[in-house]
Colleague: 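Okay, handing you the structure first.
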Number of protein chains: 2
Amino acid sequence: MNSLNPARQAPVTTADKIFETMQHEIVEGEILAGSKISEPELAKKYQVSRSTLREALNRLEKCHLIERKANVGSRVVECTVKGLLEIYIVREALEGMACRLAATQMADSEIRELQSILASHGQDKKLQDGVAYYQEEGDLDFHYRVIQGSNNQQLINILCGELYHLVRMYRCQFGMNSPRATRAYDEHKAILHAIADRDGELAEMLMRRHIAASRKNIERKLEQENL
Amino acid sequence: MNSLNPARQAPVTTADKIFETMQHEIVEGEILAGSKISEPELAKKYQVSRSTLREALNRLEKCHLIERKANVGSRVVECTVKGLLEIYIVREALEGMACRLAATQMADSEIRELQSILASHGQDKKLQDGVAYYQEEGDLDFHYRVIQGSNNQQLINILCGELYHLVRMYRCQFGMNSPRATRAYDEHKAILHAIADRDGELAEMLMRRHIAASRKNIERKLEQENL
DNA sequence: AACTTAATAATTGTCGACAATCTTGAATCT
DNA sequence: AGATTCAAGATTGTCGACAATTATTAAGTT
């Protein structure tokens with residue numbers, strides 16, 4: 001599952017390893033959202049010095065998983081509904097643009113590759129008639145490849161480096177194995193079709209609606225819960 | 001001029017001060033783009049320990065002004081044409097969305113305030129019939145307020161916290177006192193009009209075209225230079 | 001002379017300790 | 001009793017030194 005993790009250069013330094021460990025634990029909720037981070041405590045837990053722990057904290061801050069205040073300390077970000085919707089707004093804007101660029105930038109070979117991946121996802125989906133796999137892996141994989149296809153390093157950094165794990169965190173902690181799987185699959189097909197047609201304008205619009213639909217689905221769901 | 005600097009909480013720790021100093025020097029080009037950063041050398045230059053210098057470097061990395069490689073070191077980012085155009089693409093997507101949100105989120109009072117600011121910019125512009133002030137301060141100020149008006153913290157963080165100084169760096173180093181001042185001013189007025197009409201869709205489109213026009217202007221200019 | 005290889009120098013990563021700041025709790029005052 | 005002040009405790013910020021890695025230089029070989 002980490003194969004589709006972006007900007008992934010094998011963790012070489014020990015701060016890298018602590019960073020990845022903590023990243024995983026925060027995303028999965030083992031370190032609770034909103035909780036305070038005690039440097040001495042965690043340094044002891046991971047058996048490293050406070051310096052290298054702080055180095056790891058700096059990287060966690062870079063991908064928006066923790067927040068720091070001077071002379072006070074760090075906290076894991078809270079998972080609020082407002083925050084979740086805000087991220088979807090950002091994704092709508094950035095991935096929409098990435099999709100527009102992908103339509104002109106992706107190589108024919110990359111498009112064919114993505115088509116076959118999508119086809120295999122469709123088979124898997126029907127085989128398991130399952131929702132989980134597609135939603136977890138397939139969706140992230142599709143979006144990841146389109147973003148890469150934009151060939152815009154700045155876009156790629158923001159989406160795959162800084163927002164990616166925050167999105168995963170929300171998915172984990174809000175338990176999103178949404179029932180939008182089949183519809184999302186169809187939408188992916190339509191998006192890819194627009195890309196294959198080299199129609200950037202349409203591709204952007206479809207991607208934006210795809211993400212907006214996801215957002216509205218969540219809004220609806222959460223409204224139901226809070227009656 | 002730093003009054004419009006976002007997310008600005010008076011630098012309390014010494015690492016903060018070093019960060020701001022270096023940020024300024026990098027943006028202005030006193031520390032050359034693309035140059036290698038020697039931790040011992042800079043620690044001596046600023047009279048601080050390597051630890052606090054590294055803390056400052058981490059923040060510079062957060063706003064994309066330097067890049068680090070494990071066991072190798074840090075370099076100031078290069079100012080390439082490709083990089084500049086990439087940022088404008090990101091801005092087009094994000095500020096477009098911010099503008100759409102601002103149309104529904106800004107308070108009437110905020111809109112009126114921005115209108116009067118814009119009006120005074122118009123006077124200043126005519127008074128000096130100058131390009132510099134407007135382009136430097138006014139443009140950044142207008143965009144900054146619209147972004148804040150989106151009321152989307154994630155958007156605000158990315159645009160005002162992570163990309164803001166990189167944009168300034170490009171402006172400085174490519175010497176952009178563009179002749180688009182009067183046109184940009186009119187475009188700002190049109191955008192604000194759409195916001196005041198609470199027409200998010202139009203506001204987004206106008207903002208996107210405004211930024212895209214700026215980008216194309218730069219493309220044209222740079223093509224001319226490289227004949 | 002050009003290319004490898006080995007030793008040296010320099011730089012980055014990590015560590016533990018001290019200083020400055022914030023938080024907590026008890027004692028005091030209104 | 002409630003609020004305020006002050007002191008003790010704990011946490012974060014900063015420092016200098018050591019270890020690990022990389023860059024540089026010199027020697028040696030073809």
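Just so it is clear: chains get the letters A, B, ... in the order the sequence lines come, proteins before strands, and each one is counted from 1.
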Colleague: Glu39(A) and salt bridge (charged side-chain N to carboxylate O under 4.0 Å, His left out): which single residue from Lys44(A), Lys45(A), Arg50(A) fits?
Modeller: Arg50(A)
Colleague: For Arg68(B) and dG13(C), is the shortest distance between a side-chain N/O and OP1 or OP2 below 4.0 Å?
Modeller: yes
Colleague: Between Ser51(B) and Val72(A), name the one whose nearest nucleotide on DNA chain C is closer to the 5' end.
Modeller: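 Final value for this comparison: Ser51(B).
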Colleague: Using whole Å, what does the distance between atom C1' of nucleotide dG13(C) and atom CZ of Phe19(A) come to?
Modeller: 17 Å
Colleague: Give a yes or no answer on whether the side chain of Glu86(A) reaches the backbone of Gln153(B) with a donor-acceptor pair at less than 3.5 Å.
Modeller: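 Such a contact is found between Glu86(A) side chain and Gln153(B) backbone.
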Colleague: I need the residues from residues 31-41 of chain B with at least one non-hydrogen atom less than 4.0 Å from DNA chain C; give them sorted by number, or say none.
Modeller: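 Lys36(B), Ile37(B), Glu39(B), Pro40(B), in order of number.
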Colleague: Are His143(A) and His210(A) near enough that their ring centres are under 6.0 Å apart?
Modeller: yes
Colleague: So, is Arg54(A) close to the dG13(D) phosphate, meaning a side-chain N or O under 4.0 Å from OP1 or OP2?
Modeller: yes
Colleague: Would you please confirm or rule out a distance under 4.0 Å between OP1 or OP2 of dC15(C) and any side-chain N or O of Ser49(A)?
Modeller: yes
Colleague: Hey, does the side chain of Glu61(B) reach the backbone of Ile66(B) with a donor-acceptor pair shorter than 3.5 angstrom?
Modeller: no
Colleague: Show me, pair by pair, the donor-acceptor contacts under 3.5 angstrom made by side chains of residues 30-37 of chain B, not counting sequence neighbours?
Modeller:
residue, atom, partner, partner atom, Å
Ser35(B), OG, Leu32(B), O, 2.6

Colleague: Give me the one residue out of Met169(A), Glu162(A), Met22(A) that meets side chain to side chain contact (heavy atoms under 4.5 Å, CB included) with Leu65(A).
Modeller: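 Among Met169(A), Glu162(A), Met22(A), the one that satisfies the side chain to side chain contact (heavy atoms under 4.5 Å, CB included) with Leu65(A) is Met169(A).
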Colleague: When you check the phosphate oxygens OP1 and OP2 of dT12(C), does a side-chain N or O of Thr13(A) lie under 4.0 Å from one of them?
Modeller: no
